[in-house]
Amino acid sequence: METTDAPIHQAPLHPGLPFFGNTLAFLRDPLGTLCTLQRNHDRIVHLRIGGRHQYLVFRPEDTKHILQENHRNYGRSPAFDVLKIFLGNGLLTSDGDFWRRQRRLAQPAFHRQKLAALAQTMVSETADWLDELNRQDLKKSVNVSQAFMDVTMRIVCKTLFGSDTIGKLDGLSGALDSLNYLANKRMLSPIRFPYTWPTPNNLRSKRARMQVDSFIYGLIDQRRQHHEAKDDLLGMLLSAEDEETGERMSNQQLRDECVTIFSAGHETTAVSMAWTIHLLTKHPDVLARLQAESQSVLGDARIPAPDAFRSLTYTLQVVQESLRLYPPAWILSRRAHNDDHIGSYTIPTGDTALLCPYLLHRDPLNWPDPERFDPDRFAPGGPKENLHSYAYLPFGGGPRLCIGNQFALMELQILLSMFVRSFNFKALANQRIIPKPLITLRPNQPIRVILS
Ligand code: HEM
């Protein structure tokens, strides 16, 4: 990658308003603003958002430079400070040597062989959830955005805490969900009262936090005292040993990682499922091909063998294409520790680099007819295989690549194939669904479908 030999320039500044810079444009229409910037700038643009200098890069090779080749020059951006109040110092929010050690400890829990054990839990939770959906009055429309939120929450709680959730799942997932909701709300809010003030939201989040902590700490004590070894994620994290130092995670650290995995791991998959169903309502040919695959691979068993899901190649293509058009993590940010150079442009020390999967995934230079939903882009030997590896990054890249990426792909394949095997569905009339970029890229309103 070219770096510093060329003369150094300031990145082009996108015109904005006095004092507010580009903040209002981003608040009003973040995706529209991003697309305009991509059309008008070639490589990098300097923005002023929320009083900070931010540098948005457009090219896959520059994204790779920041996330991978020069990753040591970058840390978490200030956006993550708010999340720390809720998630603690877990994988998502921590940085530097502490993060590196945690990642080393947690990584084995997400290895392919370990995930195979969790697949069984995903399949049986999905089967129970489908039975419940089937018992609903199918003449009424179903809010699939909410339905997928429910099932992914159950899956993440069960894979984290296994049989220990029996009889407690509703209370626990409700408290975790409140904590997550309040974290998102605080992150998006322009006015943030100090966390110590007794505002209604602060009080609610403290209550939720106490409930979550008492469950998790109780469970950790019980497992440590009785030397209980379980093959859920908490069990794997409890027994993880740093291969360099032999150290294990403290109780506080285990708690922070559990809350982080819950938070990072359920809304992303739920939102992606809702988008996929939305796309399928518009592409009955793709739905028919999916249904044929799930029927032939899974057969009629209520709980198919978890191994079978590996053969669902077209289902995986549909999941990947849906993540291309609607990447839940639509923008990523990093703070530069020192000046960095993108070609002849500088990203100055202390400023923020922005990387944008949403734009990369719709760049016509890499994705012909980018708005078209075409799962065959991801067919074996298909066009995706010839692209730059950073032209497609729903799970980020470099050392901070989503630790749950294989977990998520497996879960999405299981959910999608079992759902289309059970139901036909069509869109409700008069729904105008457009993306709404919050912390994740959500639909602007819940997606409702008629099931049959
Ligand atoms: C469709 C689903 C998912 C998407 C699109 C997604 C996306 C991402 C992305 C883009 C990052 C990197 C953020 C950055 O570089 O700043 C990330 C990090 C992370 N994700 Fe996921 N994720 C998904 C599902 C999951 C699941 C299921 C889990 C856990 C079970 C999970 C756990 C995490 C964690 C712990 C991190 C932080 C990793 C680190 O910094 O070391 N994610 N995710």
Side-chain angles (χ1 to χ4, degrees), residues 63-64 66-68 71 74-80 83 87-96 98-107 109-111 114-115 118-119 121-122 148-149 151-153 155-161 176 180 232-234 236-237 253 256-276 316 319-320 322-335 352-358 360-361 390 392-416 439-442:
T63 307
K64 181 174 183 188
I66 292 168
L67 290 182
Q68 188 173 329
H71 72 90
Y74 290 92
R76 280 307 193 211
S77 70
F80 286 85
L83 277 184
L87 306 184
N89 212 17
L91 276 175
L92 201 63
T93 46
S94 58
D95 236 337
F98 183 82
W99 166 79
R100 250 181 294 284
R101 173 179 170 271
Q102 278 309 114
R103 179 88 189 203
R104 263 199 322 268
L105 279 171
Q107 193 72 58
F110 290 88
H111 278 166
K114 299 276 181 174
L115 291 183
L118 303 181
T121 308
M122 294 182 187
F148 284 116
M149 223 39 120
V151 68
T152 56
M153 193 142 73
I155 288 176
V156 80
C157 281
K158 272 279 167 127
T159 47
L160 267 168
F161 308 118
L176 278 163
N180 194 39
D232 48 35
L233 281 174
L234 175 61
M236 294 179 209
L237 297 175
Q253 205 46 48
D256 289 352
E257 294 308 354
C258 287
V259 178
T260 297
I261 290 170
F262 174 87
S263 172
H266 95 90
E267 184 183 320
T268 41
T269 33
V271 166
S272 180
M273 275 308 301
W275 280 121
T276 308
L316 182 60
V319 164
Q320 288 169 315
S322 168
L323 286 168
R324 179 185 72 82
L325 281 169
Y326 300 111
W330 56 285
I331 197 156
L332 310 173
S333 59
R334 296 287 190 272
R335 188 209 310 246
T352 301
L354 296 175
L355 310 310
C356 187
Y358 182 85
L360 285 161
H361 293 184
Y390 277 68
Y392 179 69
L393 63 162
F395 296 106
R400 299 207 75 144
L401 176 79
C402 173
I403 201 169
N405 68 350
Q406 293 301 325
F407 180 114
L409 288 174
M410 187 166 84
E411 182 180 2
L412 290 168
Q413 264 180 300
I414 290 173
L415 279 170
L416 182 58
I439 291 177
T440 54
L441 187 66
R442 287 181 170 226

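Both counts, for ligands and for their atoms, begin at 1 and track the order of listing. Since the model is a prediction, treat every value here as computed from it, not as a measurement.
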For this session: Please examine the side chains of T93 and R76, heavy atoms only from C-beta on, and report whether any two atoms are closer than 4.5 Å.
Result: no
Problem set entry | I66 vs Y74 side-chain heavy atoms within contact, under 4.5 Å | yes
Quick check on ligand 1: any N or O pairs to the protein under 3.5 Å? One line per pair.
residue	atom	partner	partner atom	Å
ligand 1	15 (O)	R334	NH1	3.4
ligand 1	15 (O)	R334	NH2	2.7
ligand 1	16 (O)	R76	NH1	3.1
ligand 1	16 (O)	R334	NH1	2.9
ligand 1	40 (O)	L91	O	3.3
ligand 1	40 (O)	R400	NE	2.9
ligand 1	40 (O)	R400	NH2	3.1
ligand 1	41 (O)	W99	NE1	2.8
ligand 1	41 (O)	R103	NH1	2.7

Problem set entry | Sequence neighbours excluded - salt bridge (Lys or Arg N to Asp or Glu O under 4.0 Å) pairs with any residue from residues 398-412 | D95-R400
Problem set entry | Minimum heavy-atom distance between V156 and F262, given as atom pair plus value | CG1-CD1, 3.4 Å
Problem set entry | For A274 against F148, the heavy-atom pair lying closest together | N-CD1, 4.2 Å
Problem set entry | Backbone of H266 reached by a side-chain donor or acceptor of T269 within 3.5 Å | yes
